[in-house]
Amino acid sequence: MLNDKRLMVVMPAFRAARTLEATWRGLPHDIVDRVLLVDDASNDETVEIAKKLGIDVLLHEINLGYGANQKTCYQAALEDGADIIVMVHPDYQYEPRLATAMAAMIQSEVYDIVIGSRITGGGALRGGMPLWKYIANRGLTAFQNLFLGAKLSEYHSGYRAYSRQVLQTLNWQGNSNDFVFDNQFLVQGIVSGFRMGEISVPTKYFDDASSINFKRSVQYGFGVLSTSVAGLLKRTGLYRSPLFSLSEINRP
Ligand SMILES: Nc1nc2c(ncn2[C@@H]2O[C@H](COP(=O)(O)OP(=O)(O)O)[C@@H](O)[C@H]2O)c(=O)[nH]1
Ligand SMILES: [Mg+2]
(Lines give C-alpha, C1' and ligand atoms only; values in the text may rest on other atoms or scores of the structure.)
(Ligands and ions follow the chains in the order given, each with its own letter.)
Protein backbone atom coordinates (compact mmCIF):
# COMPACT_ATOMS: atom_id res chain seq x y z
CA MET A 1 0.00 0.00 0.00
CA LEU A 2 1.10 3.50 -0.66
CA ASN A 3 -0.76 5.51 1.95
CA ASP A 4 -4.20 3.99 1.52
CA LYS A 5 -3.84 3.01 -2.15
CA ARG A 6 -3.43 -0.57 -3.31
CA LEU A 7 -0.39 -1.03 -5.56
CA MET A 8 -0.21 -3.81 -8.12
CA VAL A 9 2.70 -4.59 -10.44
CA VAL A 10 1.89 -6.34 -13.70
CA MET A 11 4.45 -8.00 -15.93
CA PRO A 12 3.58 -8.98 -19.49
CA ALA A 13 6.00 -11.86 -20.02
CA PHE A 14 7.38 -13.75 -22.95
CA ARG A 15 10.51 -15.85 -22.49
CA ALA A 16 11.55 -14.01 -19.36
CA ALA A 17 13.11 -16.94 -17.51
CA ARG A 18 16.60 -15.50 -17.39
CA THR A 19 15.64 -12.04 -16.19
CA LEU A 20 12.46 -12.43 -14.18
CA GLU A 21 14.05 -13.07 -10.81
CA ALA A 22 16.33 -10.03 -11.01
CA THR A 23 13.39 -7.83 -12.00
CA TRP A 24 11.25 -9.21 -9.20
CA ARG A 25 13.98 -8.82 -6.57
CA GLY A 26 14.35 -5.15 -7.43
CA LEU A 27 10.70 -4.34 -6.81
CA PRO A 28 9.80 -2.42 -3.63
CA HIS A 29 8.06 -5.34 -1.92
CA ASP A 30 7.37 -3.27 1.19
CA ILE A 31 4.73 -1.29 -0.70
CA VAL A 32 3.69 -3.64 -3.54
CA ASP A 33 0.48 -5.49 -2.67
CA ARG A 34 0.48 -7.93 -5.54
CA VAL A 35 2.70 -8.91 -8.44
CA LEU A 36 1.01 -10.53 -11.43
CA LEU A 37 2.76 -12.09 -14.40
CA VAL A 38 0.86 -12.95 -17.55
CA ASP A 39 2.71 -15.51 -19.61
CA ASP A 40 2.15 -15.45 -23.34
CA ALA A 41 2.87 -19.15 -23.97
CA SER A 42 6.62 -18.88 -23.39
CA ASN A 43 8.62 -21.97 -24.26
CA ASP A 44 11.04 -21.54 -21.39
CA GLU A 45 10.87 -21.70 -17.59
CA THR A 46 9.15 -18.34 -17.09
CA VAL A 47 6.08 -19.82 -15.39
CA GLU A 48 8.00 -22.20 -13.12
CA ILE A 49 10.29 -19.41 -11.94
CA ALA A 50 7.40 -17.03 -11.37
CA LYS A 51 5.58 -19.60 -9.24
CA LYS A 52 8.74 -20.37 -7.29
CA LEU A 53 9.06 -16.67 -6.46
CA GLY A 54 5.43 -16.52 -5.32
CA ILE A 55 4.28 -14.34 -8.19
CA ASP A 56 0.65 -14.74 -9.27
CA VAL A 57 0.51 -16.16 -12.78
CA LEU A 58 -2.08 -16.08 -15.55
CA LEU A 59 -1.48 -18.12 -18.67
CA HIS A 60 -2.22 -17.67 -22.32
CA GLU A 61 -2.55 -21.13 -23.86
CA ILE A 62 -1.25 -19.83 -27.16
CA ASN A 63 0.90 -16.83 -28.04
CA LEU A 64 -1.53 -13.94 -28.44
CA GLY A 65 0.95 -11.06 -28.62
CA TYR A 66 2.27 -8.28 -26.44
CA GLY A 67 -0.87 -6.13 -26.55
CA ALA A 68 -3.13 -9.08 -25.81
CA ASN A 69 -0.88 -9.88 -22.88
CA GLN A 70 -1.38 -6.40 -21.42
CA LYS A 71 -5.14 -6.67 -21.89
CA THR A 72 -5.09 -9.71 -19.62
CA CYS A 73 -2.89 -7.78 -17.16
CA TYR A 74 -5.25 -4.78 -16.97
CA GLN A 75 -8.42 -6.81 -16.83
CA ALA A 76 -6.93 -8.64 -13.85
CA ALA A 77 -5.87 -5.35 -12.26
CA LEU A 78 -9.39 -3.96 -12.48
CA GLU A 79 -10.83 -7.16 -11.01
CA ASP A 80 -8.22 -6.98 -8.26
CA GLY A 81 -9.36 -3.54 -7.14
CA ALA A 82 -5.86 -2.07 -7.54
CA ASP A 83 -5.67 1.74 -7.28
CA ILE A 84 -2.19 2.13 -8.79
CA ILE A 85 -0.92 -0.19 -11.50
CA VAL A 86 2.74 -0.34 -12.50
CA MET A 87 3.54 -2.18 -15.72
CA VAL A 88 7.12 -3.30 -16.16
CA HIS A 89 8.74 -5.68 -18.63
CA PRO A 90 10.25 -8.63 -16.82
CA ASP A 91 13.37 -8.45 -19.00
CA TYR A 92 15.32 -6.46 -16.40
CA GLN A 93 15.82 -3.64 -18.83
CA TYR A 94 14.31 -0.99 -16.56
CA GLU A 95 15.27 -0.23 -12.95
CA PRO A 96 12.55 -1.89 -10.81
CA ARG A 97 13.43 0.13 -7.69
CA LEU A 98 11.99 3.24 -9.30
CA ALA A 99 8.51 1.74 -9.14
CA THR A 100 8.20 3.47 -5.76
CA ALA A 101 8.75 6.89 -7.27
CA MET A 102 6.43 6.24 -10.19
CA ALA A 103 3.67 4.90 -7.98
CA ALA A 104 4.05 7.89 -5.65
CA MET A 105 3.42 10.29 -8.54
CA ILE A 106 0.09 8.53 -9.12
CA GLN A 107 -0.67 8.27 -5.42
CA SER A 108 -0.26 12.03 -5.04
CA GLU A 109 -3.11 12.48 -7.53
CA VAL A 110 -0.94 14.98 -9.39
CA TYR A 111 -0.56 12.58 -12.36
CA ASP A 112 -2.75 9.90 -13.92
CA ILE A 113 -0.07 8.31 -16.11
CA VAL A 114 3.67 8.15 -15.45
CA ILE A 115 6.24 7.06 -18.02
CA GLY A 116 9.65 5.74 -17.08
CA SER A 117 11.70 7.59 -19.69
CA ARG A 118 14.99 6.21 -20.96
CA ILE A 119 15.64 9.47 -22.77
CA THR A 120 15.56 12.24 -20.16
CA GLY A 121 18.42 10.87 -18.08
CA GLY A 122 20.56 10.79 -21.21
CA GLY A 123 21.46 7.16 -20.58
CA ALA A 124 19.76 5.32 -23.44
CA LEU A 125 22.81 5.02 -25.67
CA ARG A 126 25.11 4.54 -22.68
CA GLY A 127 22.83 1.70 -21.59
CA GLY A 128 23.37 0.07 -24.95
CA MET A 129 20.30 1.09 -26.94
CA PRO A 130 21.23 0.46 -30.58
CA LEU A 131 21.78 3.70 -32.49
CA TRP A 132 19.06 2.90 -35.05
CA LYS A 133 16.54 2.33 -32.24
CA TYR A 134 17.59 5.58 -30.59
CA ILE A 135 17.20 7.57 -33.80
CA ALA A 136 13.83 5.94 -34.53
CA ASN A 137 12.70 6.67 -30.97
CA ARG A 138 13.67 10.34 -31.20
CA GLY A 139 12.16 10.76 -34.66
CA LEU A 140 8.85 9.10 -33.83
CA THR A 141 8.67 11.01 -30.56
CA ALA A 142 9.13 14.36 -32.32
CA PHE A 143 6.47 13.44 -34.84
CA GLN A 144 4.01 12.35 -32.17
CA ASN A 145 4.57 15.41 -30.02
CA LEU A 146 3.87 17.61 -33.01
CA PHE A 147 0.70 15.78 -34.01
CA LEU A 148 -0.64 15.46 -30.49
CA GLY A 149 0.40 18.82 -29.07
CA ALA A 150 2.30 16.97 -26.34
CA LYS A 151 5.81 17.24 -24.90
CA LEU A 152 6.77 13.75 -23.88
CA SER A 153 10.39 12.63 -24.07
CA GLU A 154 9.42 9.20 -25.36
CA TYR A 155 6.42 7.01 -26.13
CA HIS A 156 8.07 3.61 -26.29
CA SER A 157 9.04 2.72 -22.77
CA GLY A 158 8.11 -0.62 -21.23
CA TYR A 159 7.80 0.94 -17.77
CA ARG A 160 4.66 2.88 -16.86
CA ALA A 161 2.31 3.58 -13.98
CA TYR A 162 -1.41 4.19 -14.29
CA SER A 163 -4.21 5.16 -11.97
CA ARG A 164 -7.24 2.92 -11.75
CA GLN A 165 -9.30 5.66 -13.37
CA VAL A 166 -7.14 5.49 -16.49
CA LEU A 167 -7.78 1.77 -16.87
CA GLN A 168 -11.48 2.32 -16.30
CA THR A 169 -11.74 5.10 -18.84
CA LEU A 170 -9.60 4.37 -21.89
CA ASN A 171 -10.74 1.93 -24.54
CA TRP A 172 -7.56 -0.16 -24.34
CA GLN A 173 -9.68 -3.28 -24.88
CA GLY A 174 -10.02 -2.22 -28.51
CA ASN A 175 -6.28 -1.71 -29.03
CA SER A 176 -3.93 -3.84 -31.09
CA ASN A 177 -2.79 -7.19 -29.76
CA ASP A 178 0.69 -6.38 -31.01
CA PHE A 179 3.40 -3.98 -29.83
CA VAL A 180 1.63 -0.82 -30.94
CA PHE A 181 -0.79 -1.37 -28.03
CA ASP A 182 1.53 0.65 -25.79
CA ASN A 183 1.62 3.58 -28.14
CA GLN A 184 -2.12 3.58 -28.67
CA PHE A 185 -2.56 3.63 -24.90
CA LEU A 186 -0.45 6.76 -24.45
CA VAL A 187 -2.14 8.55 -27.33
CA GLN A 188 -5.53 7.68 -25.83
CA GLY A 189 -4.29 9.10 -22.54
CA ILE A 190 -3.20 12.37 -24.14
CA VAL A 191 -6.33 12.82 -26.23
CA SER A 192 -8.48 12.17 -23.17
CA GLY A 193 -6.71 14.83 -21.17
CA PHE A 194 -5.11 12.62 -18.55
CA ARG A 195 -2.17 14.24 -16.82
CA MET A 196 1.09 12.64 -17.91
CA GLY A 197 4.27 12.71 -15.85
CA GLU A 198 7.70 11.31 -16.54
CA ILE A 199 10.63 10.07 -14.53
CA SER A 200 14.15 9.31 -15.75
CA VAL A 201 14.94 5.62 -15.75
CA PRO A 202 18.29 4.00 -16.50
CA THR A 203 18.06 1.26 -19.10
CA LYS A 204 20.18 -1.73 -19.96
CA TYR A 205 20.34 -3.40 -23.33
CA PHE A 206 21.63 -6.97 -23.47
CA ASP A 207 20.57 -10.04 -25.44
CA ASP A 208 17.83 -11.18 -23.08
CA ALA A 209 16.42 -7.66 -22.74
CA SER A 210 15.76 -6.97 -26.38
CA SER A 211 14.49 -9.34 -29.00
CA ILE A 212 12.43 -7.19 -31.34
CA ASN A 213 14.08 -7.30 -34.72
CA PHE A 214 14.32 -4.64 -37.39
CA LYS A 215 11.31 -5.85 -39.38
CA ARG A 216 9.01 -5.88 -36.34
CA SER A 217 10.32 -2.45 -35.39
CA VAL A 218 9.52 -1.00 -38.80
CA GLN A 219 6.01 -2.45 -38.56
CA TYR A 220 5.73 -0.87 -35.10
CA GLY A 221 6.94 2.46 -36.51
CA PHE A 222 4.16 2.53 -39.09
CA GLY A 223 1.66 1.68 -36.36
CA VAL A 224 2.95 4.65 -34.36
CA LEU A 225 2.57 6.97 -37.34
CA SER A 226 -1.01 5.89 -37.99
CA THR A 227 -1.87 6.21 -34.29
CA SER A 228 -0.50 9.77 -34.33
CA VAL A 229 -2.61 10.63 -37.36
CA ALA A 230 -5.68 9.19 -35.62
CA GLY A 231 -4.87 11.36 -32.59
CA LEU A 232 -4.54 14.47 -34.72
CA LEU A 233 -7.84 13.79 -36.49
CA LYS A 234 -9.56 13.35 -33.14
CA ARG A 235 -8.03 16.58 -31.77
CA THR A 236 -9.13 18.55 -34.78
CA GLY A 237 -12.60 17.00 -34.67
CA LEU A 238 -12.35 15.67 -38.23
CA TYR A 239 -12.67 11.99 -37.40
CA ARG A 240 -13.07 10.00 -34.24
CA SER A 241 -11.28 6.65 -34.45
CA PRO A 242 -12.74 3.80 -32.35
CA LEU A 243 -9.48 4.07 -30.39
CA PHE A 244 -11.01 7.04 -28.65
CA SER A 245 -14.51 5.74 -28.08
CA LEU A 246 -14.71 5.59 -24.29
CA SER A 247 -12.34 8.40 -23.73
CA GLU A 248 -14.15 11.28 -22.08
CA ILE A 249 -13.17 11.81 -18.47
CA ASN A 250 -15.08 13.74 -15.91
CA ARG A 251 -12.71 15.87 -13.96
CA PRO A 252 -14.09 18.54 -11.70
N1 LIG B 1 3.29 -11.13 -24.78
C2 LIG B 1 4.29 -11.10 -25.63
N3 LIG B 1 5.33 -10.35 -25.33
C4 LIG B 1 6.37 -10.33 -26.17
C5 LIG B 1 6.37 -11.04 -27.37
N6 LIG B 1 7.56 -10.78 -27.97
C7 LIG B 1 8.24 -9.92 -27.15
N8 LIG B 1 7.52 -9.67 -26.06
C9 LIG B 1 7.83 -8.82 -24.90
O10 LIG B 1 7.78 -7.50 -25.32
C11 LIG B 1 8.65 -6.73 -24.55
C12 LIG B 1 9.44 -5.82 -25.44
O13 LIG B 1 10.25 -6.58 -26.28
P14 LIG B 1 11.80 -6.37 -26.28
O15 LIG B 1 12.37 -7.39 -27.19
O16 LIG B 1 12.30 -6.36 -24.89
O17 LIG B 1 11.94 -4.92 -26.96
P18 LIG B 1 12.95 -3.75 -26.68
O19 LIG B 1 13.48 -3.93 -25.31
O20 LIG B 1 12.15 -2.51 -26.83
O21 LIG B 1 14.01 -3.86 -27.72
C22 LIG B 1 9.49 -7.70 -23.73
O23 LIG B 1 9.05 -7.68 -22.38
C24 LIG B 1 9.20 -9.05 -24.34
O25 LIG B 1 9.20 -10.05 -23.37
C26 LIG B 1 5.23 -11.84 -27.67
O27 LIG B 1 5.12 -12.52 -28.67
N28 LIG B 1 4.22 -11.82 -26.76
MG1 LIG C 1 13.20 -5.12 -23.63
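Computed from heavy atoms alone, side chains included, the values below leave out hydrogens, waters and symmetry copies. Index from 1, following the sequence. In each ligand, atom 1 is the first atom listed, and ligand 1 is the first ligand listed.
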side-chain contact (heavy atoms from CB on, under 4.5 Å) evaluation trace for Asn183 with Gln144: CA-CA 10 Å; Asn183 198 259; Gln144 291 210 282; 2.9 Å; yes
Test side-chain contact (heavy atoms from CB on, under 4.5 Å) applied to Leu20 and Ile55, step by step: CA-CA 10 Å; Leu20 173 59; Ile55 299 173; 4.1 Å; yes
Distance from atom 28 (N) of ligand 1 to nearest protein heavy atom, with residue and atom: Asp40 OD2, 2.7 Å
side-chain contact (heavy atoms from CB on, under 4.5 Å) assessment of Trp24 paired with Val35: CA-CA 9 Å; Trp24 181 82; Val35 181; 4.3 Å; yes
Any side-chain donor near an acceptor of the partner, Ser153 and Thr120, under 3.5 Å: no
Identity and separation of the nearest protein heavy atom to atom 18 (P) of ligand 1: Ser210 OG, 3.7 Å
Verdict with reasoning, Lys5 to Arg164, per side-chain contact (heavy atoms from CB on, under 4.5 Å): CA-CA 10 Å; Lys5 296 208 167 83; Arg164 179 177 188 80; over 6 Å; no
Distance, nearest 0.5 Å, that separates CG of Asp83 from CG of Asp4: 7.5 Å
Distance in Å, Glu95 CD paired with Thr203 OG1, rounded so as to fall on 0.5 Å steps: 10.5 Å
From the candidates Met11, Gln93, Gln70, the one that places a heavy atom nearest atom 19 (O) of ligand 1: Gln93
Polar side-chain atom of Arg195 near backbone of Glu109 as donor-acceptor pair, under 3.5 Å: yes
Taking atom 4 (C) of ligand 1 as the reference point, the nearest protein heavy atom with its distance: Phe14 CB, 3.4 Å
Part of Asp91 within contact of ligand 1 (heavy atoms, under 4.0 Å): side chain
For the Mg ion (ligand 2): protein N/O/S atoms at distances below 2.8 Å: 3
Any Ala16 heavy atom less than 4.0 Å from ligand 1: no
Closest protein heavy atom (residue, atom, distance) for atom 17 (O) of ligand 1: Ile212 CD1, 3.3 Å
Cationic tip of Lys71 above Phe181 ring, under 6.0 Å, 45° of axis: no
Donor-acceptor under 3.5 Å (Gln184 side chain, Ser176 main chain): yes
Shortest protein heavy-atom distance from atom 15 (O) of ligand 1, along with the residue and atom involved: Ser211 N, 2.5 Å
Phe179: which of Tyr220, Tyr155, Tyr66 passes ring pair (Phe, Tyr, Trp, His ring centres under 6.0 Å): Tyr66
Atom 9 (C) of ligand 1 - nearest protein heavy atom and its distance: Tyr66 CD1, 4.0 Å
Nearest protein heavy atom with distance in Å, relative to atom 7 (C) of ligand 1: Phe179 CZ, 3.5 Å
His156 touching ligand 1 at heavy-atom level, < 4.0 angstrom: no
Structural part of Asn63 in contact with ligand 1, heavy atom criterion under 4.0 angstrom: side chain
Protein heavy-atom partner closest to atom 11 (C) of ligand 1 - residue, atom, separation in Å: His89 CE1, 3.5 Å
Within-shell test, Gly158 vs ligand 1, heavy atom, strictly < 4.0 Å: no
Residue Arg97 excluded, over 12 heavy atoms near CZ under 6.0 Å: no
Pair Glu79, Gln75: side-chain N/O donor-acceptor within cut-off below 3.5 Å: yes
